[in-house]
Amino acid sequence: MNYLNFNVEDFLLDQKFLDWVKRGQDDSFWQEFQLKFPEKKAEMEKARIVILAGSGLSYTEPGQEVRNAMWENIQAQMNDETRETKPGKMILFRNWRWAAAAVLLAGCIIGWQLKINWGSTDKVTYENLISYAQTSSFVEKVNDSEKPLLINLPDGSSVLLQKAGKLSYDTKMFGGEKREVYLSGEAFFEVTKNPAKPFFVYANELITKVLGTSFTVKAFPDEKQIEVLVKTGRVSVFTRKDPFKNRKLSNRELEGIVLAPNQQITLERTELRLSRSLVQEPQMLTMAAQQFSFDFDDAPAAKVIDLIEKAYGVDIIYDEDLLANCKLTAHLNDEPLNDKIRLICEGLEAHYEIIDAQIVITSKGCGR
Amino acid sequence: MKKDTNISNPEHPYDELWTRFRTGDEVAFEEIYQTHVGILYNYGFHIVANAWLVQEAIQDLFADLWRSRHALSDTTSVKYYLFRSLRRKLHRMISAEQSYTEICEDDKSYEMPQTNSFETDHIAEENQFEQIRKLQISMAGLPARQLEVIRLRFFDEFSLEEIASIMQMNEQSVRNLIQRSIRKLRQSFVGIPITFFFLFHFFF
């Protein structure tokens, strides 16, 4: 290395020089060099000061509690191979990330389980809720049919209400500062994104807050549990007795227990305990999936794949031309998605690969 | 062969960890996390001073890493790989946020330099403590990217090549950034107290 031609930048970028300044390595070499070439001393000294200043800049690192909480969150995601990591999907969650910035400590410390001190154990029912919410502009949809009922809300959000379910909202208030609906029973929500107007689902003792995402709420009047299952995006969940309830109801942030895709939360109504867990299998869109039959008799492969895609909300990538002549006979019931794909691929003599939330099927075709 | 030498080479414990992690060893993975979370957080936090966002990005980064471990190759530097990925992730998150105004080319962050670090204590006897402190204050006022280069080089000790790759620039542009920041820092010395002026006159 010809250090004689070095200027300040060159010294700054030289690893041996950095090792000397920061750790005193090869000290005799550098001392000697300075003596031999005093004309270099000024530049070396300048570089040295810059390095010392730069390496002593403020350092910020998380404390042990935060590190551990982060590690737990990572572990929760680690074995959840289906979680969507495609950049395109991430857009869903971006806007509120900033809004939710303040949540940080609360979210980290809460961890996986949260005990709630409940003042009284009075059950809250749908009837209680709407009794003081009711106005002349209040509408209620009741699904007394056997099939799920599709409800389109004024903001473009859609709700698939399961049989015997009830959903109500105030048409005048809805879409004002916030979007609020009341639910009894089970429903699958697909909420139009609007971070400026949070969407609230009031279901018995539980309040679910989202900015735009899809999820299922199960809140039956006589059941001991209330469940919230997240299909995409994130939702914040809290109870009516939450000490910070008022703040959570009035701001635009997602805080408290925030659920990521394929997580679910269960509220034990008598123990008044919220617990969060991973949904074991990629959740089927509760209602949509029930409408599909998975019994196929000599059916076109493309049609089968299409149905699976729709039922699970996953992308399946395959060569349509190659599979054009392929037919499938399969009886698929409650196997996990991966098993269904495996069975289909066995029938097609094809290979498959699951990459993030995408399934890629490679086939030689059927050539019939 | 390369892998074998890495495993048996005590000089490169990270290489061994990386190899173990890629074969699905969760203990190795946690060690990689625990070893790097501090410096990653520090780097991320100085890109965007938002603890929550940085935490999310780091969590996503490691979760992605685990899920894609089969597809990962041998890496010469785990630290470099993680820094590069974190930066990409953070910038993706930031660029999606239209209303985000805190970070821009001429961002002046008002962080107070940490003056009692090892390096500064180390040389305090030469009465350079004050010089360095002044220089650090000037550094904190540099445009974000110039400060980022300084951190990556002197704090995290990445090579020119690595910095270029992390910041997705060519090496010459990184050099230019360094040159520009040195020039700016030099200007900032004009205003220092007389007592120190002599010293700086000598050095610069």
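Just so we're on the same page: letters track the sequence lines, and every chain starts at 1.
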Under 3.5 Å donor-acceptor, Q59(B) side chain and I74(A) backbone: no

Using 0.5 Å steps for rounding, measure from the CG atom of L13(A) to the CZ atom of R175(B). 5.5 Å

If you measure from CG on N7(A) to CD1 on I182(B), what distance do you get to the nearest 0.5 Å? 10.0 Å

Quick one, R67(A) and Y33(B) - any side-chain contact, counting heavy atoms below 4.5 Å? yes

Structural part of L12(A) lying under 4.5 Å from a heavy atom of chain B: both

Is Q34(B) close to N68(A) at the side-chain level, that is, under 4.5 Å between some pair of heavy atoms? yes

Is it the case that more than 12 heavy atoms not belonging to E171(B) sit under 6.0 Å from its CD atom? yes

F62(B) portion near chain A, given a 4.5 angstrom heavy-atom threshold: both

E177(A) CD: over 12 foreign heavy atoms closer than 6.0 Å: no

Kindly indicate whether the side chain of Q136(B), heavy atoms from C-beta on, has any atom under 4.5 Å from the side chain of L52(A). no

Closest non-hydrogen atom pair between Q77(A) and R67(B), with its separation: O-NH1, 3.0 Å

Pick from I39(B), I150(B), L61(B): which one has the most heavy-atom pairs with chain A under 4.5 Å? I39(B)

If you measure from CG on L160(B) to CG on D10(A), what distance do you get to the nearest 0.5 Å? 10.0 Å

In chain order, what residues pass the side-chain hydrogen bond (donor to acceptor under 3.5 Å, both in side chains) check against Q172(B), with sequence neighbours excluded? N176(B)

Atom of G38(B), atom of P62(A) and distance for their closest heavy-atom approach: CA-CD, 4.3 Å

For the residue pair F29(B) and M78(A), establish whether any side-chain heavy-atom pair is separated by less than 4.5 Å. yes

Should N73(A) and E56(B) count as side-chain neighbours, where that means a heavy-atom distance under 4.5 Å? no

Are any non-hydrogen side-chain atoms of V50(A) and M139(B) less than 4.5 angstrom apart? yes

Using side-chain hydrogen bond (donor to acceptor under 3.5 Å, both in side chains) as the criterion, list what pairs up with N170(B), not counting sequence neighbours. S173(B)

If we only count heavy atoms from C-beta on, is the L57(A) to L147(B) side-chain gap below 4.5 Å? yes

Any side-chain heavy atom of D19(A) sitting closer than 4.5 Å to one from E157(B)? yes

Just how far is it from atom OH of Y41(B) to atom CE of M70(A), taken to the nearest 0.5 Å? 7.5 Å

